Amino acid sequence: MSGISSGVGLATGLNINEIVDAIIGVQRNALVKLANRASAFEATEGGIKTLEANLLTLNNSVKKLGLKSTFETLQATSSDTSQFNVAANSTATAASYQLQGLRLASNHQVVSKGFADADSTPIGTATTITLSQGGKLNESKLLEELNNGLGVQRGSIRITDRDGQTEVIDLTRTLNIQDVVDEINGSATSIVASIEDDHLLLTDTSSGLGTLKVSEVAGGKTAADLGILQAVAGSTLTGDSVYRVTSDFNLSQINDGNGINTVSGLEDLQITASDASTFNVNLDSAQTLGDVVDLINNNASNGGTITAAITSAGKLSLTDNTGGVATTFEVTALNGSLAARELGIETTGLGGTITGTLSGGLNSVLLRNLNGGVSASGPVLNAGQVYFEDGAGGNTTIDFSGVETLDDVIDAINANGSIQIEASLNATKTGIQIKDTSATSGTSIEIQDTSGNLASFLKIDTVLADSKHTVDSGSLDLRYINQDTSLSTYGKNGTAVSLGSIRITDRAGVSFNVNLSDPETTKTVGDVLTKINDAAGTAGAQVIARLNDTGDGFIVESTGGSAFDVKVEEVSSGTVAATLGIKGSGTTGVTSRLVTEISVEATDTLEDITEKINATGVASATIIDDGTAFNSARLSITSSRSGADGGLILESDFDFGFATSVEADDALIRIGSNPQTSFLLTSSSNSFNDAITGLEIDLKSVGISPSTINVARDTSGIKSTINSFITSYNSFVDATKTLTSYNVDTNQRGVLNGNSVVLTTVSRLEGMLTKKLSISNSAIKSMSELGVQFNGNGKLELNSATLEALLADDPDSVTEFFQQEDTGFAVVMDEIITAMTDPFTGTLKAQSDSLQASALALNNRVDELNTILEDRRERLIRQFTLQETIVNQLNSQQTALENLTLLNTNKKK
C-alpha cells in the first residue's frame, strides 16, 4: 500500500481514490434517490403531526363548548361598586337582589385618661389588667328571637309624649331589643325606654297631662311586634310580653345559652311525689324543652303522678297529682348530673308545684349562671334576706326569696323606699354596683346577709368606710363558655382550635394521650372534656376535665397523686394544647381561660404597659398625645378581633379611666329594599360570604340606597369560549395553507400539498361549520345563526352583536345548540375530530404510522446499501492496490532485465 499513500499509484500514475469514488458515486445515485424518498415520507409525517396538533388544539376549544360549566357559569355584578364587591361561585343561582350596606365592621378601641408622660413616670401602683371578650350581664335578645321566634317587623313607630310632642323613630336598623331602647331614648320626646323582664317599659318624664301614645307608621306593625302599640293616660306604658320560652326551644337556648349537662348513659334526676312514689329520668335523648316534658310525662314509672309542662310565662312546671302527705314533693339530682339545677327544678315543691325559670329574660341573666355557673363544686345560691344601710343611716332588710335573675335583685333594691341606695350594673357590665345616694358623709354603708348567701354570692357583702359610697362587685364570672361552645371560635381572637393529639401527665406520673384529631367527633368544648375524661379513665390517671369556676373556659384538674405537677404537652409538634390554652403545667391542674391577664408593676410606665399588651396578641396598644398642656399622654388599646364579639372588657383595680372611643360593631347589611319585609345580616368582618348561597359579598361602604346585585349567566365567558374556538380554527386554517402551499416562482411545495387527508379533514370541518344540525327545541340550528361565519379567506369571524342578542334573549337555545345529546355541535364536532386524532384508531394516526414505517424501511435500506458500497469501495481499493503491486513488480523485473542486458553487453566489449 506504500506505493499509493497519496491516492496516486507510483507504478501506474493512476489516481486510485478518484477512480474508486467515481465508480462508487455512480452506484450511490440509486441510494440517494432512496434517501430522498425517505426524507419525503418523514416530511409528510411531520406535516401530518402538525395537522394533528392543530386539530387537538381546536378540539380543546370544542370540548370547552361541550362543558356544562361553560354555559352555567354565573357572574355577579353590583350596580354600586363603591358599596359592594360581589363574585359568584359554582353554587350560585341566577337572581337579582337588593342589598344595602348599613354599617362597616369596627374594632373596639378604648382610650385611658391622661398621664404625665409615656416613658418616664411610673403609674405607681402594682395591678393587673384583665382583657376579656365575654361575660357581660346585659346581652340583649335579638329581635328575631322575640314573639316565639317570629321576630319583629322592622319599620318606624310614632311616639307622642304627654306634652303632645311627637316624633317618628326609625327602627329599621335595630338588631336587638337594646337597640330599640337606644333609638327611643335618643329621640326628642320626654320618653325614657327600659327593659323589664320580658317586655318594654316606657316612662314619660314630662309634666304633661295628655296621653302617652305609640302608633304605627305607614301601615307597619313594628309597634305591635314590640308590644307597645298602646295609648295610656298615665305616665307609664307597660308593654306586652314579647319574649318567653316555649317547648320548641332547643336546650342550647335556655339557661342563658348554656344548655344543660346530662350524664351520658345514666339517669339525671329523681322525682319524688308527696305520696312517696318516685321515678328516675334520663335526659340523654332530649334536644328541646318539649323533649324534657315528654320524657317526664311519658316515663314508664310516672303513671300520671307528675305532670310536666311549659307555662304561659315560659317556665318549666312540675305538678304533683297525688295529693299525698307521706313525704315532700321534690326533685333531686342523680349520678352527679347538673341537669335538674340547670333546669331550675332541683328543689322542694310548695303546694304541689315545682317551677323552674329557664331564661334571664330580654337582657338579664339567671343568678345560677354567676360565679362560673352551675357546677358540682361551685357555690349554691340560697337567696334569703339581706340587710342594707345607707350613708345617712337609713336601713332595711330586703327579702330576696324567689329571685331568679340579676334584674330581679336590682329591681328589688331600687324599689325599696327605706334606703337611699341605687343598684345597677357596674361600668364594665360584668358585675353589680350599689351606690349610696344619701349625703356625701355619714355612717358607713353596710350590706350583710341575715339569712341565705345572696350578698356574698354577688360579692357585695361589705361594710364601707365613711368616705366610700359605692360597692362594686367586680366581675361576677358569668358562665359563657359551656359544653356546646364550638371549637371553631374557641381559639385566640375567635380563631379555630387546631386538631391533633395531646399528652397529659397526672401528679403520680401517669401519662396518656388524648386523640383530638377527628373533626367529626371533636367539635365542641364538651367533646374535648369527654375525650380527656375517657382517656384518663382508661389509663387510670387521677385527672378530670370540667368547665372552670370562672365561666370562661375549662380546667384539666388533679384528683389526687403525689407532689408532681399536672402537665399537658403537645404530641408530634402539634399545636392543639396551645390553641386550647392548656399547654403547660400546674400544681392542681391546668386551666384554659378566654381571658388575658397582664401583670403591671408599680414601676411600669405607659410604654411598658403598651409592650405587655402588644405581646398578648389579643389587642394592640399605642400611646397618643392629646395635645393638652398637662397629662397629655394616653394609652390607646384596640382589639385585634373585629366585630361585636371582639369588644374588649378591661378590668383593673387601678383607675386607668378607660373610655370607649370606637365601638365594637359588626358589619350590617340589609337584604331587600323594603325595611318592613327585608332582613338584616351581620358579620364580624366586612365579608358576607354566607349571606346568599353562591355569592361572595364584600361590603366597602355604607350606602344611602340599596345596590342591585344581579346574578346572571356569564355571557362574557361564553363569548370568550366561542372566540377561542374561532381562533383555534383559524390557526388550523393557517396551518393547512402552509402545509399544502405551492410557490409557482420557486416551484416549492408544502409537505402536504395534494395530500388527500388534508382535503378530507378540511371538508369535514367546513361541512360541520356550515350545515344545519338536527337540534330539537332550539331556534338555533347552525353556527351562522350564532353569528359565526366564513370570511373571504376561508377563516371564521364572529358577529358579536348577533351572539350577544341571542345570549340575552335565548341563552338556553345557545346551550342546546352546542350541547344537545348526540346532535349538539360540540358533541358531533368532537366526534369528528376524535375520529381523526384518536391515538390508537385515528385516521391521522394510521397515515402517520404508514409514513413512519415507509421512511423507516427506506432508511434501513439506505443503511444497508451504504454498508454494501463501503464494502465495495474497500474491495476496489484493495484490487487497485494489488494491481499497483503487480505493475510495480513487473517494472522491477523489466529494470532488472535491462540492467542484465547492459551488463552482458559491456562484458562483450
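Since we're looking at a predicted model, the values are computed, not measured.
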**Study point:** Criterion side chain to side chain donor-acceptor pair (under 3.5 Å) on T222 and D225, from CA distance to verdict
**Key:** CA-CA 5 Å; T222 306; D225 287 346; over 6 Å; no
Practice item. Apply the test side chain to side chain contact (heavy atoms under 4.5 Å, CB included) to residues L212 and T160: give CA-CA distance (whole Å), side-chain angles for both, the deciding distance (0.1 Å), then the verdict. Key: CA-CA 6 Å; L212 170 56; T160 303; over 6 Å; no
Check your understanding: Given S636 and Q109, is the side chain to side chain donor-acceptor pair (under 3.5 Å) satisfied, shown in steps?
Key -> CA-CA 7 Å; S636 175; Q109 184 176 14; 2.9 Å; yes
Review point. When you look at D625 and S632, which way does the side chain to side chain donor-acceptor pair (under 3.5 Å) test go after all the steps?
Key: CA-CA 5 Å; D625 192 312; S632 61; 3.2 Å; yes
Review point. What do the steps show when you test L367 against V403 for side chain to side chain contact (heavy atoms under 4.5 Å, CB included), and what is the final call?
Key: CA-CA 8 Å; L367 294 174; V403 296; 3.7 Å; yes
Exercise for review: Under the side chain to side chain contact (heavy atoms under 4.5 Å, CB included) rule, what do I157 and L171 come out as? Steps first, then yes or no, please.
Suggested key: CA-CA 7 Å; I157 62 174; L171 299 178; 3.9 Å; yes
Practice item. Evaluate the criterion side chain to side chain contact (heavy atoms under 4.5 Å, CB included) for residue pair S640 and V618; output intermediate values, then yes/no. Key: CA-CA 5 Å; S640 299; V618 175; 5.5 Å; no
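In this structure, T311 contributes its side chain and K315 its backbone to a donor-acceptor pair below 3.5 Å. Checked by atom type and distance alone, the side chain of S652 never pairs as donor or acceptor with a backbone atom of I129 at under 3.5 Å. With hydrogens and angles ignored, the 3.5 Å screen pairs no side-chain donor or acceptor of D549 with any backbone N or O of N371. When atom types are taken as modelled, the side chain of N548 and the backbone of G551 share a donor-acceptor pair closer than 3.5 angstrom. Panel note: side chain E167, backbone A188; a donor-acceptor pair is recorded below 3.5 Å. Here the side chain of D163 pairs no donor or acceptor atom with the backbone of Q165 at under 3.5 angstrom. In this structure, the side chain of N453 does not engage the main chain of F457 through any donor-acceptor pair within 3.5 Å. Side-chain atoms of D179 come within 3.5 Å of backbone N or O of N176 as a donor-acceptor pair. Proximity of a side-chain donor or acceptor of D608 to a complementary backbone N or O of T605 within less than 3.5 Å is detected. Listed for the T660 side chain is no donor-acceptor partner under 3.5 Å among the backbone atoms of V662.
Checking T127 against T125 by side-chain atom types alone, no donor-acceptor pair falls below 3.5 Å. Judged by distance alone, the side chains of N261 and E342 do bring a donor and an acceptor atom under 3.5 Å apart. Between the side chains of T430 and E651, a donor-acceptor pair is found at a separation under 3.5 Å. In summary, the side chains of S241 and D198 do present a donor paired with an acceptor at a separation below 3.5 Å, with no hydrogens or angles considered. Under the 3.5 Å distance criterion, with hydrogens and angles disregarded, no donor-acceptor pair is assigned to the side chains of D407 and T405. Q385 and Y387 form no side-chain donor-acceptor contact under 3.5 Å, judged by distance and modelled atom types alone. Using modelled atom types, one finds a donor on one side chain and an acceptor on the other under 3.5 Å when comparing D117 with S120. Between the side chains of N255 and R368, a donor-acceptor pair is found at a separation under 3.5 Å. Side-chain contact, D666 with S684: no donor N or O sits under 3.5 Å from an acceptor N or O. H108 and T638 share no side-chain donor-acceptor pair at under 3.5 Å. A donor and an acceptor atom, one from each side chain of S592 and Y490, are located under 3.5 Å apart.
Just one of D604, D119, L635 meets the side chain to side chain contact (heavy atoms under 4.5 Å, CB included) condition when paired with T610; it is L635. The side chain to side chain contact (heavy atoms under 4.5 Å, CB included) test with L226 singles out one residue from N147, V214, V180, T174, and that residue is V180.
Taking the ring centre of F654 as origin, the terminal cationic atom of K113 falls inside the region bounded by 6.0 Å and 45° from the ring axis.
Proximity of Y243 to D197: side-chain heavy atoms (C-beta onward) are nowhere separated by under 4.5 Å. Looking at heavy atoms from C-beta onward, S207 lies out of side-chain contact with R162 at the 4.5 angstrom threshold. Looking at N138 and Q178, their side chains never come closer than 4.5 Å, going by heavy atoms from C-beta outward. Between V245 and Q253 the shortest side-chain heavy-atom distance does not fall below 4.5 Å. Side chains of I410 and I432 form a contact here, defined as non-hydrogen atoms less than 4.5 Å apart. Side-chain contact between K429 and L137 is absent, with no heavy-atom pair separated by less than 4.5 Å. In this structure, the side chains of Q483 and V525 stay at 4.5 Å or more apart for every pair of heavy atoms.
Closest approach of D449 and A455 over heavy atoms only: OD1-N, 2.8 Å. Among all heavy-atom pairs drawn from S599 and K612, the shortest one is O-NZ, 2.9 Å. For the pair G646 and A664, the tightest heavy-atom approach, listed with the atom from each and the gap, is C-CB, 4.4 Å. Across every non-hydrogen atom of S140 and N363, the tightest pair is OG-CB, 3.7 Å. Nearest heavy-atom pair across A118 and I623 is CB-CG2, 3.6 Å. Across all their heavy atoms, S206 and S190 have their closest contact at CB-OG, 3.2 Å.
Scored by the salt bridge (Lys or Arg N to Asp or Glu O under 4.0 Å) test, K213 finds no partners at all (sequence neighbours excluded). For the side-chain contact (heavy atoms from CB on, under 4.5 Å) test, residues two or more places apart in sequence or in another chain that qualify with V471 are I434, I447, I460, T462, L464.
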Show me the side-chain donor-acceptor pairs of residues 229-238 shorter than 3.5 Å, one per line, residues at least two apart or across chains.
| residue | atom | partner | partner atom | Å |
| --- | --- | --- | --- | --- |
| Q230 | NE2 | G227 | O | 3.3 |
| Q230 | NE2 | T238 | O | 3.0 |

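Look at K435 and D472 and you find no salt bridge, because none of the NZ, NE, NH1 or NH2 atoms lies under 4.0 Å from a carboxylate O.
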